[in-house]
Amino acid sequence: MMELQIANMDLAQLAGSGQSFTWNALEKGRWGVAAFGRYLTLTQQGDRFTLDCDEAEFEAIWRTYFDLDTDYAAIRACIDPEDAYLCGAADFGHGVRVLRQDLWEVMVSFLISQNNNISRIRASVAGLCTHYGEQRVGRDGVHSYHTFPTPDALADATAADFAALGLGYRAKYLEALARELRGQGLPALRRALDAAGDEEAVALLRGLYGIGPKVADCIALFGLHRIDRFPVDTHIRKVLAAHYPQGFPLERYRGCLGILQQYMFYADL
DNA sequence: AGCCAGGAAGTCC
DNA sequence: GGACTTCATGGC
């Protein structure tokens with residue numbers, strides 16, 4: 001058990017922010033978070049958080065996962081005070097952060113996300129975990145959870161299997177992705193991505209079947225923490241048209257574009 | 001019935 | 001290189 005004070009973090013906002021699809025609401029304000037093969041439950045009262053893990057696990061996994069070493073107050077302070085829309089969006093989503101999620105989980109989740117809605121993405125990801133993930137018993141010894149399935153765990157399934165979980169026409173993309181990255185495919189891709197700059201990383205991702213510009217940007221932002229990527233989806237396109245007809249000031253916000261994008265996305269949800 | 005959802009591939013020219 | 005169409009599927 002750990003108690004912490006964390007500024008600029010709100011569990012309900014993170015759970016609803018559409019960047020992770022493996023959070024689940026438990027009883028009375030408690031959230032369950034599965035990541036990196038672990039399962040954490042936590043609660044929040046204001047800026048005080050209670051996590052059911054020890055300090056070693058917190059330092060090994062969760063400090064990084066919740067991006068606690070990034071100063072979100074400083075980023076919000078950079079917002080142009082004349083920009084009423086962006087100030088309002090950042091205020092509304094004050095507890096949204098860019099989580100440092102597992103690369104493969106992000107690849108699969110956002111491959112599924114295209115032309116889809118968040119509730120069905122969540123259901124599809126849950127189906128993948130229960131059907132192909134590893135079942136483990138939680139810290140309380142009673143409740144169990146499923147890890148996110150590896151490429152190898154998915155590679156023998158077919159598009160028809162994935163379609164049965166509600167992936168629709170995206171099922172063939174996941175079939176190809178899992179087979180492409182099975183064995184040493186994923187670590188090899190990760191090495192190439194880690195050695196690449198932002199543009200090159202996005203280009204590498206776009207070389208995979210089913211991954212286009214928007215999904216590649218989401219993978220770079222959420223799976224590689226390339227904080228300057230600015231994914232433009234249907235919501236952001238709408239926001240840009242409504243509030244930035246002359247174009248969004250990308251250069252002004254170089255260095256934190258992805259975080260501002262999350263404020264804008266969450267405000268539009 | 002048609003439109004929308006964290007879009008991308010295929011198919012024209 | 002663009003512009004247009006197709007792709008599953010459920011909710012509104």
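Below, each value reflects all heavy atoms present in this structure, side chains not excepted, and no hydrogens, waters or symmetry copies. Proteins get letters first, then strands, A, B, ... in listed order; numbering begins at 1 in each.
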Inset, instruction - Quick one: label A:Phe162 by what it contacts on the DNA or RNA (base, sugar-phosphate, nothing), any heavy atom closer than 4.0 Å. - result: nothing
Inset, instruction - Identify the residue among A:Phe248, A:Tyr244, A:Tyr263 that makes a ring pair (Phe, Tyr, Trp, His ring centres under 6.0 Å) with A:Tyr253. - result: A:Phe248
Every protein N/O within reach of nucleotides 9-13 of chain B N/O, cut-off under 3.5 Å:
unit_1: B:dA9; atom_1: OP1; unit_2: A:Gly210; atom_2: N; d: 3.1

Find the distance [X]:[atom1] to [N]:[atom2] and express it as a whole number of Å.
| X | N | atom1 | atom2 | value |
| --- | --- | --- | --- | --- |
| A:Lys214 | B:dA5 | NZ | P | 12 Å |
| A:Ile121 | C:dT9 | CD1 | P | 16 Å |
| A:Leu174 | C:dA8 | CG | P | 15 Å |
| A:His235 | B:dG6 | NE2 | C1' | 6 Å |
| A:Asp268 | B:dA5 | CG | C1' | 12 Å |
| A:Tyr169 | B:dG7 | OH | P | 8 Å |
| A:Asp233 | B:dA5 | CG | P | 9 Å |
| A:Arg170 | B:dG7 | CZ | P | 9 Å |

Span that lies between the [atom1] atom of [M] and that of [N], in whole angstrom:
| N | M | atom1 | result |
| --- | --- | --- | --- |
| B:dA5 | C:dA3 | C1' | 22 Å |
| B:dG6 | C:dC4 | C1' | 23 Å |
| C:dA8 | B:dT11 | P | 14 Å |

Inset, instruction - State which residues pass side chain to side chain donor-acceptor pair (under 3.5 Å) with A:Trp31; sequence neighbours excluded, sorted by chain then number. - result: none
Legend entry - Electrostatic pair A:Glu175-A:Arg170, nearest N-O below 4.0 angstrom: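 No, this pair does not count.
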Legend entry - Within residues 96-120 of chain A, residues whose heavy atoms come under 4.0 Å of DNA chain C: A:Asn115, A:Arg120
Legend entry - Between A:His143 and A:Asp140, a side-chain donor and acceptor under 3.5 Å: yes
Legend entry - A:Arg30 and A:Thr43: side chain donor to acceptor below 3.5 Å: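 Side-chain D/A pair, A:Arg30 to A:Thr43: absent.
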Inset, instruction - Answer yes or no: does a side-chain N or O of A:Thr234 lie under 4.0 Å from OP1 or OP2 of B:dG6? - result: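 False: A:Thr234 side-chain N/O out of range (4.0 Å or more) of B:dG6 OP1/OP2.
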Inset, instruction - Look only at the side chain of A:Asp52 and the backbone of A:Thr41, and say whether a donor-acceptor pair between them is shorter than 3.5 Å. - result: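 Yes; at least one donor-acceptor contact below 3.5 Å.
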Inset, instruction - Describe, in one word, how the ring planes of A:Tyr173 and A:Tyr169 are oriented to each other, choosing from parallel (under 30°), tilted (30 to 60°) and perpendicular (over 60°). - result: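 Rings of A:Tyr173 and A:Tyr169: perpendicular, over 60°.
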Inset, instruction - Decide yes or no for A:Leu186 and A:Arg190: does some side-chain heavy atom of the first lie under 4.5 Å from some side-chain heavy atom of the second? - result: no
Legend entry - Minimum heavy-atom distance between A:Leu257 and A:Phe230, given as atom pair plus value: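 Closest heavy-atom pair between A:Leu257 and A:Phe230: O-CD1, 3.5 Å.
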Legend entry - base_contact_polar (B:dG6 base, A:Tyr266 side chain, donor-acceptor, <3.5 Å):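 Counting by modelled atom types and ignoring angles, no donor-acceptor contact under 3.5 Å is found here.
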